[in-house]
Amino acid sequence: MPKVGMEPIRRRQLIEATIESINEMGFGDTTVKQISARAGVSTGIIHHYFGGKEDLLEATMRKLLTDLREENVNRLSQCTDPKERVEAVIDANFSDRLFDIAPVTAWLAFWAQVPHSKRLRRLQQINKSRLHSSLRHALRQLVSEEDARKIAFGIDSIMDGLWVSCAVNGGTPTPAQSRELTRDYFYTQLDAIKRRKERD
């Protein structure tokens, strides 16, 4: 029987062990036994807290999503204008703390399972909805609604591509490179819209 008060600690240990295992072995080759050994607990503890591997992956993704949401909230709270808000969202998604090879690899495993899991698909949809809402809220103060949607979609697509690239290329691009590339896209789009308005 787990000790009283140990649940948050055990859950955190198992989630960290899951991220490490996926990074080292890949999701397909990661087993409950490997995760429990890495966390220094019995397999029964995993089943007690999570039920099974998919439940543990879902909990891991929830934790990563929570970390990302907190990063966004903290950065957005310091912004004073819409351009800063867009930059804050970009910087949060490529923060040095979150854009590290182990969590990025876990994210890639998550994305690969999304088409096959309603629960994981729901988490992905929530994440995308939050991202687009934050971006469009700021962008609508700079450009039209249509352009705001296009730029938000472009930023989202670039960020997804850079996360995948980091996972498959062992940490390349770096967080700083990813922030710069995505910011460049954002400001290039603003410049293009400005030139179009001047022509019209």
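None of the values given here were measured: they were computed from a predicted structure. The chain is numbered in sequence order, starting from 1. The basis for the numbers below is simple: all heavy atoms, side chains too, and nothing from hydrogens, waters or symmetry mates.
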Under a 3.5 Å distance rule, please check whether Asn72 uses its side chain to pair with a backbone N or O of Leu68 as donor and acceptor. yes
I would like to know whether Asn93 and Leu131 meet side-chain contact (heavy atoms from CB on, under 4.5 Å); could you show each step before the answer? CA-CA 10 Å; Asn93 278 269; Leu131 172 65; 4.1 Å; yes
Who pairs with Asn23 by side-chain contact (heavy atoms from CB on, under 4.5 Å), at least two apart in sequence or on another chain? Ile101, Ala102, Thr105
I'd like to know if the side chain of Ser36 reaches the main chain of Val32, judged simply by a donor and an acceptor atom lying under 3.5 Å from each other, with no hydrogens or angles considered. yes
Using atom types as modelled and distance alone, determine if a side-chain donor or acceptor of Asp81 lies under 3.5 Å from a backbone N or O of Glu84. yes
Nearest 0.5 Å, please: how far is CD1 in Ile151 from CG in Asp156? 13.5 Å
Indicate if Leu98 and Leu65 have the same hydrophobic cluster label, given that clusters are the connected sets of ILVMFWY residues with side-chain heavy-atom separations under 4.5 angstrom. no
Smallest separation among heavy atoms of Ile155 and Leu135, with atom names: CG2-CD1, 4.0 Å
When clusters are formed by joining ILVMFWY residues with side-chain heavy atoms under 4.5 Å apart, either directly or through shared neighbours, do Met61 and Ile126 land in the same one? no
Quick one: do Glu87 and Lys83 make a salt bridge, cutoff under 4.0 Å? no
Given Ser165 and Asn169, is the side-chain hydrogen bond (donor to acceptor under 3.5 Å, both in side chains) satisfied, shown in steps? CA-CA 6 Å; Ser165 180; Asn169 293 311; 3.1 Å; yes
Between Leu162 and Met159, does the side-chain contact (heavy atoms from CB on, under 4.5 Å) criterion hold? Intermediate values first, please. CA-CA 5 Å; Leu162 291 170; Met159 290 195 301; 5.7 Å; no
With Glu58 as reference, evaluate Arg121, Arg119, Lys53 under the salt bridge (Lys or Arg N to Asp or Glu O under 4.0 Å) test and give the passing residue. Arg119
Within 6.0 Å of CZ in Phe153, more than 12 heavy atoms from elsewhere: no
Asn127 (side chain) donor-acceptor with Leu123 (main chain) under 3.5 angstrom: no
Nearest atoms (heavy-atom pairs only) where Ala148 meets Leu139: O-CD1, 3.5 Å
Determine whether Phe99 and Val104 satisfy the following criterion, side-chain contact (heavy atoms from CB on, under 4.5 Å), listing intermediate values before the conclusion. CA-CA 6 Å; Phe99 196 64; Val104 167; 3.8 Å; yes
Quick one: sort the Trp107 and Phe110 rings into parallel, tilted or perpendicular, breaks at 30° and 60°. perpendicular
Looking at Glu145, I want to see if its CD is surrounded by more than 12 non-hydrogen atoms of other residues, nucleotides or ligands under 6.0 Å. yes
Please report the C-alpha distance between Leu142 and Phe186 in whole Å, then the side-chain angles of each, then the deciding distance to 0.1 Å, and finally whether the side-chain contact (heavy atoms from CB on, under 4.5 Å) criterion is met. CA-CA 11 Å; Leu142 300 168; Phe186 167 49; 4.1 Å; yes
What heavy-atom pair brings Ile22 and Ala106 nearest, and what distance separates the two atoms? CG2-CA, 4.0 Å
Show the nearest heavy-atom pair for residues Arg38 and Ser21, with the distance to one decimal. NE-OG, 3.0 Å
Are any of the side-chain heavy atoms of Tyr187 and Leu190 separated by less than 4.5 Å? yes
Distance col, row Phe94:CZ vs Glu180:CD, nearest 0.5 angstrom, shows 12.0 Å
If hydrophobic residues (ILVMFWY) are linked whenever their side-chain heavy atoms come closer than 4.5 Å, directly or via other members, who joins Val73 in its cluster? none
If the threshold is 4.0 Å, N to carboxylate O, is there a salt bridge linking Lys197 and Asp147? no
Does Tyr49 offer a backbone N or O that forms a donor-acceptor pair with the side chain of Arg11 under 3.5 Å? yes
Search all heavy atoms of Gln34 against all heavy atoms of Asp29 and return the closest pair with its distance. OE1-O, 2.9 Å
Consider only side-chain heavy atoms of I, L, V, M, F, W and Y, link residues closer than 4.5 Å, and tell whether Met25 and Leu57 are in one cluster. no
Check the surroundings of atom NZ in Lys128: do more than 12 heavy atoms from other residues, nucleotides or ligands lie under 6.0 Å from it? yes
Rounded to the nearest 0.5 Å, what separation is found between the OG atom of Ser133 and the CZ atom of Arg136? 6.5 Å
Do Thr66 side-chain atoms and Arg62 backbone N/O form a donor-acceptor pair below 3.5 Å? yes
Would you check if Val89 and Arg85 make a side-chain contact, meaning some heavy-atom pair closer than 4.5 Å? no
How close do Ile19 and Pro103 get, counting heavy atoms only, and between which atoms? CG2-N, 3.9 Å
Got a second to check how far Arg12's CZ is from Glu16's CD, nearest 0.5 Å? 6.5 Å
Straight-line distance of Leu181 CG to Ile158 CD1, nearest 0.5 Å: 8.0 Å
State, with a plain yes or no, whether a side-chain heavy atom of Thr18 is found less than 4.5 Å away from one of Thr30. no
CG on Leu108 to CD on Gln113, rounded to 0.5 Å: 10.5 Å
Residue list, salt bridge (charged side-chain N to carboxylate O under 4.0 Å, His left out) with Asp96, at least two apart or on another chain: Arg179
What's the verdict on side-chain hydrogen bond (donor to acceptor under 3.5 Å, both in side chains) for Gln13 and Arg10, showing C-alpha distance, side-chain angles and the deciding distance? CA-CA 5 Å; Gln13 287 175 330; Arg10 287 289 187 236; 2.8 Å; yes
I'd like to know if the side chain of Ser178 and the backbone of Thr174 have a donor-acceptor N/O pair within less than 3.5 Å. yes
